[in-house]
There are 2 protein chains.
Amino acid sequence: MLSKKTKYGLKALTFIARKTDNKPVPIAMIAKNENISQKFLESILLTLRKSGFLGSKKGKGGGYYLLKDPKDIKMSSVMRILEGPIAMVSCVSLNFYEKCDDCPDENACSVYKLMIEIRDSNLKIYNNKSLSDLI
Amino acid sequence: MLSKKTKYGLKALTFIARKTDNKPVPIAMIAKNENISQKFLESILLTLRKSGFLGSKKGKGGGYYLLKDPKDIKMSSVMRILEGPIAMVSCVSLNFYEKCDDCPDENACSVYKLMIEIRDSNLKIYNNKSLSDLI
DNA sequence: ACTAATCCTATCGGAATAGTAGATTATTGT
DNA sequence: ACAATAATCTACTATTCCGATAGGATTAGT
């Protein structure tokens, strides 16, 4: 299941991206329009900023703005930051690989191949979708 | 992330399916061979039985056995029982639909379409894979 | 009777989620 | 200078879920 963190994060990003003028968008505005708890959204936008997707400006007229063109913000990178690994098991994860402790041999594991297939198909979608596609 | 419940469940099912003789397989045997906590596995096999995938026999010489041909056990149905909805958000789930409380209009939701696409691609895989493919 | 096995109910610690509170810092307009 | 605005930071809380465990009850074979 997609965490609310990710869901809200994606919604916030598209909200910002929709604004054609490149003026900073305050948290409160996003929270109100998208029905998100403002305080919760704060922390999400913070991680989004720290990961290089967003810039911020304090004070009056401040807020968050995109650092890149929506076309250049791939879903795969956003998902990895907000949701974590795209793979469903860490032993098939490209960016977060970790060996399963119950599995002596990955190639003999029946779940392994299935999960590889799932990962590949999801990755294909996330890699070919950018923020501009969500607008 | 795939829960251990699902992972263990799938491993157990394939373990049972691999045995060509149709004799009941005791929990302890599966647990030992697949490095799974026996008590935990107990509860998993129980739900698998209650969902109609497995039959059981008590007492000496007892254990679990498949009720259907591995070819007829679709991954989608197993996943739904063990892991829950295949969709990543309930508002795009076919079998577990639930409206999002923050979303006034699904068709206007930017996340919605993306998640539909993910669901479809995963569903396609799970529907076309059966237990026999895991062996 | 004894043993091997499933079945059932209850519980538990830890981690993760989702959200809250309050104080602080930086910027802008007046 | 000052007040308003808005991000930032730290800390805390409530709830839920996960993985696992405990102990007994039940059933079946020898």
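Proteins come first, then strands; the chains are lettered A, B, ... in the order of their sequence lines, and each starts at number 1.
A:Asp101 pairs by the side-chain contact (heavy atoms from CB on, under 4.5 Å) definition with B:Lys4, not counting sequence neighbours. The ring pair (Phe, Tyr, Trp, His ring centres under 6.0 Å) search around B:Tyr8 returns B:Phe40, not counting sequence neighbours. For A:Lys57, the salt bridge (Lys or Arg N to Asp or Glu O under 4.0 Å) criterion is met by no residue, not counting sequence neighbours.
Rounded to the nearest 0.5 angstrom, B:Leu13 CG and A:Ser110 OG are separated by 9.0 Å. Going from atom SG of A:Cys109 over to atom CD of B:Glu34 covers 8.0 Å, rounded to the nearest 0.5 Å.
Residue B:Leu45 is classed as having no contact, given no heavy-atom separation below 4.0 Å to the nucleic acid. Within the nucleic acid shown, A:Lys50 comes within 4.0 Å of sugar-phosphate atoms alone, with no base atom in reach, counting heavy atoms only.
Rounding to whole angstrom units, OH of residue A:Tyr65 and C1' of D:dA7 are separated by 12 Å. Distance, A:Lys23 NZ to D:dA6 P: 13 Å, rounded to whole Å.
A donor-acceptor pair is defined here as one N or O able to donate and one able to accept, closer than 3.5 Å; such a pair exists between the side chain of B:Asp133 and the backbone of B:Ser130.
Between the side chains of A:Thr6 and A:Glu83, at least one donor N or O lies within less than 3.5 Å of an accepting N or O.
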Contact pattern, 5' to 3', of nucleotides 17-27 of chain D - B, S or - by protein heavy atom under 4.0 Å: --SSBBBB-BB
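Under the salt bridge (Lys or Arg N to Asp or Glu O under 4.0 Å) criterion, the residue pairs touching residues 40-50 of chain A are A:Lys39-A:Glu42, with sequence neighbours excluded.
On the nucleic acid side, DNA chain C has its first and last nucleotide under 4.0 Å of a heavy atom of chain A at C:dA18 to C:dT28, going 5' to 3'.
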